[in-house]
Amino acid sequence: MFLISRVSTDCLLTHFSSICSSENMLVIWSYVLQFLGLYSTDHWKPLGRQNPAVPVVEMTEFPSPEYFFNNHVIPGLPVVFRGVGKEFPAYKLWSDEYFQSRPESAYWTVGYEYGKKETREGAQEPIPFAEYVKNYRQQDWYLVSGLPKFLRKDIPVYGPLNCDFVVENLMDDLVMWFSSGGTKSVWHFDDYENLNCLMAGKKELILADRTSIEDGHMRELGSYSDVDVDGVDLDRFPGFANIKFYNATIEAGDCVYIPTFWPHAVRSWGRNIAINAWWDIYKSPITCGEKKWESFENVKLITDSDIGGGGEDVDPNNSRGPVENFRAVLWGSKPFRYNGVITREEFLSELSNVGDQVLEEVEHDFDLDNPEVWGVLFESMDLNKDGILQPTELDLVKPNSHFMSLLEEASRSLDDVKDEL
């Protein structure tokens with residue numbers, strides 16, 4: 001039977017007034033075309049509605065870092081932590097009035113995007129934080145910026161990350177997502193681990209596991225898809241019909257762990273503030289000492305995307321180095337995503353075309369187009385000599401100085417062989 005929802009009926013009766021959002025119009029046309037038999041009922045549904053979504057596992061408290069890594073990070077399994085952020089100072093303090101009362105907000109620069117539906121086509125605009133807070137409710141703006149340092153004392157180091165090994169070796173960035181609601185992200189994945197805590201509003205996250213990247217029609221040279229999250233065209237993007245989706249709907253005070261390389265899209269409602277902590281991929285068991293941090297105020301981050309403006313220069317060393325690039329390439333490879341390991345042949349195949357990307361902006365004289373260099377590197381990393389690189393063996397390649405020394409040894413050993421010949 002041909003049915004039109006009440007919202008869609010109102011839209012027609014009001015001659016396409018303001019109630020006729022793009023999403024409502026998609027609903028109307030989907031019913032019309034469905035009635036005419038021109039496409040199946042799966043066409044043009046919002047992303048994540050192509051198949052029933054499985055709820056993400058929930059916990060009501062933060063576990064220990066060791067438990068979190070062993071049961072979620074290493075296997076790559078998302079989890080929602082209900083209500084754990086309600087004791088954060090930020091949850092209680094972060095009103096617009098509080099933000100504007102901070103003297104730093106008048107000159108501290110943040111970055112925002114025009115348009116709440118993400119396209120990844122526009123550049124960020126810089127603005128003083130106080131000016132953003134004054135105007136964001138009346139504008140189609142979305143602040144996506146490194147958390148200003150003067151607000152970091154309000155965010156405790158999240159319980160599962162409050163471990164000296166994690167904080168001192170893996171923590172990469174803290175990012176603030178701040179809007180008046182109504183935002184929609186593209187379908188994308190990140191090559192970082194992500195623990196996202198919501199301080200205000202509501203979010204819905206649609207996720208899929210890391211073996212679903214190919215079905216999500218990601219750009220060849222990017223980590224996102226051109227699919228319209230408001231209505232999926234299954235003729236153009238047929239892979240979405242095959243994806244097993246997961247749903248995590250969170251409210252203020254909740255946190256969600258998004259595993260690396262898990263594609264996801266995010267929607268928000270109401271005044272919305274989230275802080276996500278990104279850390280580098282590490283798939284081995286961790287051991288924590290006694291040291292703990294009260295907040296992120298004094299935590300040194302690898303990248304730290306806070307563009308500041310508080311009279312301080314941006315640290316040119318605050319960026320990913322060769323070893324982080326190298327590890328991200330391998331962790332994101334199809335063999336690691338599907339099988340959790342990579343063979344020598346697969347290793348050479350993955351690195352054959354990206355060697356220069358691994359060492360971008362680093363002066364070197366390595367012949368990275370020579371697969372023998374990568375082959376010798378593999379041999380040095382394959383500690384048990386089984387011809388397969390395990391996560392624990394990849395995790396040992398850190399820091400940058402260690403990675404560069406391995407490359408030097410690989411190049412030197414090849415030179416020695418050539419000299420002997």
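Start at 1 with the first residue, then count along the sequence.
Ring-plane geometry between His72 and Tyr67 is classed as tilted, the angle between the planes lying from 30 to 60 degrees on a 0 to 90 degree scale. Note on ring orientation: taking the six-membered ring where Trp is involved, the planes of Phe240 and Phe245 are parallel (angle under 30°, cut-offs 30° and 60°).
Between Arg337 and Asp209 there is no salt bridge, since no side-chain N of the basic residue sits under 4.0 Å from a carboxylate O of the acidic one. Salt bridge annotation for Glu379-Arg344: present, with a cationic side-chain nitrogen under 4.0 angstrom from a carboxylate oxygen. Ion pairing between Lys149 and Glu104 fails under the 4.0 Å rule for side-chain N and carboxylate O. Salt bridge Glu204/Arg49: present, at least one basic N to carboxylate O contact under 4.0 Å. We find that Glu297 and Arg152 are not joined by a salt bridge, their nearest charged nitrogen and carboxylate oxygen being 4.0 Å or further apart. Ion pairing between Lys86 and Asp254 fails under the 4.0 Å rule for side-chain N and carboxylate O. Ionic pairing of Lys117 and Asp230 is present here: one or more N-O contacts between side-chain nitrogen and carboxylate oxygen are shorter than 4.0 angstrom. Ion pairing between a basic and an acidic side chain is recognised when a charged N comes within 4.0 Å of a carboxylate O; Lys398 and Glu324 show such pairing.
More than 12 heavy atoms of other shown residues, nucleotides or ligands fall within 6.0 angstrom of atom CD in Glu58.
A donor-acceptor pair under 3.5 Å links the side-chain atoms of His402 to the main chain of Leu396, judged by distance alone. A donor-acceptor contact shorter than 3.5 Å is absent between the side chain of Lys202 and the backbone of Thr249. At least one donor-acceptor pair under 3.5 Å links the side chain of Ser145 to the backbone N or O of Gly111. Listed for the Asn272 side chain is a donor-acceptor partner under 3.5 Å among the backbone atoms of Trp269. Within the 3.5 Å criterion, the main-chain N or O of Ala208 finds no donor-acceptor partner in the side chain of His264.
Once rounded to the nearest 0.5 Å, the distance linking CG of Leu394 with NZ of Lys283 reads 11.0 Å. For the atom pair CD of Glu66 and CZ of Phe69, the computed distance is 9.5 Å after rounding to the nearest 0.5 Å. The structure places CD1 of Ile243 at 9.5 Å from OG1 of Thr211, a figure rounded to the nearest 0.5 Å. Atoms CD1 and NZ, from Ile127 and Lys134 in turn, are 10.5 Å apart once rounded to the nearest 0.5 Å. The distance from the CD atom of Gln124 to the CG atom of Leu143 is 7.5 Å, given to the nearest 0.5 Å. A distance of 11.5 Å separates NZ in Lys116 from CH2 in Trp141, rounded to the nearest 0.5 Å.
Counting only heavy atoms from C-beta outward, the side chains of Thr183 and Val266 never approach each other to under 4.5 Å. Contact check for Trp44 versus Val232: no side-chain heavy atoms found under the 4.5 Å cut-off. The shortest distance between side-chain heavy atoms of Val227 and His217 does not fall below 4.5 Å. Side chains of Glu346 and Phe336 form no contact here, defined as non-hydrogen atoms less than 4.5 Å apart. Considering only heavy atoms from C-beta on, Asp395 comes within 4.5 Å of Arg327 through its side chain. Asn70 places a side-chain heavy atom less than 4.5 Å from the side chain of Pro285. For the pair Val80 and Met59, the minimum side-chain heavy-atom distance is 4.5 Å or more. Leu147 places none of its side-chain heavy atoms less than 4.5 Å from the side chain of Val175.
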Side chain to side chain contact (heavy atoms under 4.5 Å, CB included) between Phe347 and Trp374, worked out: CA-CA 8 Å; Phe347 180 92; Trp374 297 114; 4.1 Å; yes

Between Lys92 and Glu87, does a salt bridge (charged side-chain N to carboxylate O under 4.0 Å, His left out) hold up when you go through it step by step? CA-CA 8 Å; Lys92 303 171 183 178; Glu87 297 304 315; 3.5 Å; yes

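Residues Ala90 and Met199 come closest through the heavy atom pair CB-SD, 3.8 Å.
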Determine all donor-acceptor pairs shorter than 3.5 Å in which one atom belongs to a side chain in residues 154-166; sequence neighbours excluded.
residue, atom, partner, partner atom, Å
Asp154, OD2, Trp94, NE1, 2.9
Asp154, OD2, Tyr98, OH, 2.9
Tyr158, OH, Ile275, O, 2.9
Asn162, OD1, Trp293, N, 3.0
Asn162, ND2, Trp293, O, 3.0
Asp164, OD1, Gly289, N, 3.0
Asp164, OD2, Gly289, N, 3.2

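Of the candidates Phe62, Tyr257, Phe88, Phe62 is the only one forming a ring pair (Phe, Tyr, Trp, His ring centres under 6.0 Å) with Phe81.
Between Tyr112 and Tyr114, the distance from one ring center to the other falls under 6.0 angstrom. Ring centers of Phe261 and Trp331: at least 6.0 Å apart, outside the cut-off.
Residues Trp177 and Asn276 have side chains that bring a donor and an acceptor to within less than 3.5 angstrom of each other. Checking Tyr224 against Arg219 by side-chain atom types alone, a donor-acceptor pair falls below 3.5 Å.
Under the salt bridge (Lys or Arg N to Asp or Glu O under 4.0 Å) criterion, Glu350 pairs with no residue at all, not counting sequence neighbours.
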